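Working notes, beginning with the structure itself.
If you're wondering where the values come from, they're calculated on a predicted model, not measured in any experiment. When reading the values below, keep in mind they use all heavy atoms of this one structure, side chains included, and skip hydrogens, waters and symmetry mates. Lettering follows sequence order; numbering is per chain, from 1.
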Amino acid sequence: MPRRQWILSAFFVAFVALKLTEGLVRLESWPLTHNPMFSGYIPRNVVPHHITLQGSRGGPWFDLEPSSFNLTRDEFVRLLYFDLANLSSNCGRLGRLFNASRRPGTHHLSALRARVEPIPRPGVTRAPPEQMVPCALEPSG
Amino acid sequence: MSSRIIAAWRRYWFAPASLTDLGVSRIALVAIILHLNGTSRYLRVAAVDPALWSPVALLQILRIGQPSLAAIQWMTWASNLLLVAAGLGLAARPALIAAFPLLLVLEAMGNSVGKVTHAVIPLLYAVLFFALAPSDRGFSLEAMWRRSRTAGRAGLVPPEPSRMSDMARWPLDLLFMEIAAFYFFAGVSKLRDAGPAWMDGYTLQYHLLFKGTAPGAWLGGQLQLCAFLSVLVIAFELGAPLGMVRRLRPAVLAGGLFFHLGTACFLGITFWPVVALYALFVPWSRLGRAIARSTGLARRRLDVYYDGGCASCRRLVSLVGDLDLAGAARFVDIAAGDSNGPRGLTACTSIHVADASGMTAAGFDAFRRLAWVLPAGWPTIPLLYVPGLRWLGHQLYTAVSNRRGTPVSTPPGVP
């Protein structure tokens, strides 16, 4: 076998070894991954929900999109959806960052709240009610 | 025994394959990345609040912090410029080698705002593999120019052997291995994290309702169908490595296409960069020939008569041969006595083409006819019919031919 083919063969073996290691050791450090996409089991009684951030500048409430915080939808979901117990402080953090990046006065939010809407799930009759969670625009403690 | 294993290994990885296919795939790869990144994809990384910046380990190791807007713009433009050069085939491999670390760092930055995405990882591997392989030897301006010069100096390089290489197969096989691992370990993760219960339909139902597309909301109400589709998902993901057997690869890729169409329609998740990579596995030369047959191009094939004793004719014919993906042209060297050619054609005259019916065209008109039968020439067809261009083209062709001392026959209709 020519030398070039030996070198490439060693590269192929190293690549396969890397892929096996990612999968077997469950490496998760981008760009190394074992692709755990949608892998967790979600039982029948867990109700999905949507969260919308609504801000106010002293007047009516208006919706704030993830792009208002320079975030993608996926990044927004990752920040807010998976820790509902701390939703108030997590969305408050986003609100404070929003205010910090804008000139004081008319552009600032005077209030921010998270609207948590349960999505009806077939077979689940007692879904939690819709909630309005106030976001802590002033840091606690 | 070991020699048989080595022989089988070499047959799998190093059997000669088409450099033209690899070259077209290089262009497709570059087009996918340019379309994905554009000029603004990463700008928000600089705009996001530093409090939300959470660098991936790679950036921590490289000690790269959150970039400024100017730095992101510079890196984006540099990588795009390198990709365009790679696509055109101008120093394609050095361009890909230089683009790879830029793209890796840019993508790492894009994954440092709290959410990691996996869809672009196979693209990065593809760039690396194409940089290491002779992807610049087919369908690249540099290669065409080099072959054309060689043809001018020493005679035409026979097209077929020069378009095959024992190094042209492995980049696509290794890329498929990456894609197969991508799916396979996604399936393994589901079974490890959730067990067979993942396929009872409830998990898929939850995600469908959560994503909230209209088709997904409907499908979420059909638990049995959710369970059936969950089984199909696991079967596809665990079966993806079967595509390492090349005969099974089209079936696996077709399965992947349905899988991604399903996730796009019902979940609103496209993962399109991974699906777009499927285009790299298209046997472009075979496809070109098949299109030529089915559209009748093959029946309308042209005989290209050229003077093999004339360097510029050889250069020109070499270029046309490189563009002839569909195999629609047959080259006839009249100086070698291959044929007498059309009536009145003598050695060292302008390039002539003739179709099966005996219709001939010469000089600029020959280029027009060639543009119709070479798929790579189709984009130039409108340009070639701009009013006045025929006259201008003939004048130019005459001037070039006269410089080499070639008497040019005037095609009918040109004063």
Part of B/Leu208 within contact of chain A (heavy atom distance under 4.5 Å): neither

Whether over 12 other heavy atoms sit under 6.0 Å from A/Arg4 CZ: no

Interface residue of largest heavy-atom contact number with chain A, from B/Gln205, B/Arg10, B/Glu107, B/Met167, under 4.5 Å: B/Arg10

Salt-bridge present (A/Arg73, A/Glu75; N to O < 4.0 Å): no

Contact origin within B/Ile121 toward chain A - heavy atom pairs under 4.5 Å: side chain

Atom group of B/Leu132 that falls short of 4.5 Å from chain A, counting heavy atoms: side chain

Residue of the set A/Ser88, A/Ser56, A/Cys135 for which side chain to side chain contact (heavy atoms under 4.5 Å, CB included) holds with A/Leu112: A/Cys135

Student check: side-chain heavy atoms of A/Leu64 and A/Gln54 closer than 4.5 Å: no

Closest-packed option against chain B by number of heavy-atom pairs under 4.5 Å, given A/Leu79, A/Leu71, A/Asn35, A/Val46: A/Asn35

Contact origin within A/Phe11 toward chain B - heavy atom pairs under 4.5 Å: side chain

Centroid separation B/Phe176 to B/Phe182 less than 6.0 Å: no

Options B/Gly114, B/Ala57, B/Ala47, ranked by heavy-atom pairs under 4.5 Å with chain A, top entry: B/Ala47

Verdict with supporting geometry, B/Leu36 and B/Leu123, side-chain contact (heavy atoms from CB on, under 4.5 Å): CA-CA 11 Å; B/Leu36 174 69; B/Leu123 278 179; 3.8 Å; yes

Atom group of A/Val77 that falls short of 4.5 Å from chain B, counting heavy atoms: side chain

Residue B/Arg192 excluded, over 12 heavy atoms near CZ under 6.0 Å: yes

Other residues, nucleotides, ligands: >12 heavy atoms within 6.0 Å of B/Trp9 CH2: yes

Chain A interface, residue from B/Tyr206, B/Phe185, B/Phe210, B/Trp13 that has the most non-hydrogen pairs under 4.5 Å: B/Tyr206

Heavy-atom pair count under 4.5 Å with chain A, highest-scoring of B/Phe184, B/Trp170, B/Phe14: B/Phe14

Proximity breakdown for B/Val116 and chain A, heavy-atom pairs closer than 4.5 Å: side chain

Proximity breakdown for B/Leu104 and chain A, heavy-atom pairs closer than 4.5 Å: both

Which portion of B/Ser112 sits near chain A, non-hydrogen atoms under 4.5 angstrom: neither

Engaged part of B/Tyr125 at the chain A interface, taking heavy atoms whose separation is under 4.5 Å: side chain

Greatest number of heavy atom pairs closer than 4.5 Å to chain A - which of B/Val120, B/Leu59, B/Leu191, B/Asp49: B/Asp49

Interchain contact, B/Val48 with chain A, by part (heavy-atom threshold 4.5 Å): both

Contact winner vs chain B - A/Ser101, A/Ser39, A/Ser29, heavy-atom pairs under 4.5 Å: A/Ser39

B/Trp198 portion near chain A, given a 4.5 angstrom heavy-atom threshold: both

Interchain contact, A/Leu97 with chain B, by part (heavy-atom threshold 4.5 Å): both

Mutual orientation of the aromatic rings belonging to A/His50 and A/Tyr81 [parallel < 30°, tilted 30-60°, perpendicular > 60°]: perpendicular

Check: B/Tyr183 ring centroid to B/His260 ring centroid under 6.0 Å: yes

Winner by heavy-atom pair count (cut-off under 4.5 Å) against chain A, out of B/Val188, B/Leu209, B/Leu124, B/Leu223: B/Leu209

Aromatic contact, A/Phe38 with B/His207 (centres under 6.0 Å): yes

Under 4.5 Å from any heavy atom of chain A - which part of B/Asp166: side chain

Chain A contact via B/Phe271 - side chain, backbone, both or neither, heavy atoms under 4.5 Å: side chain

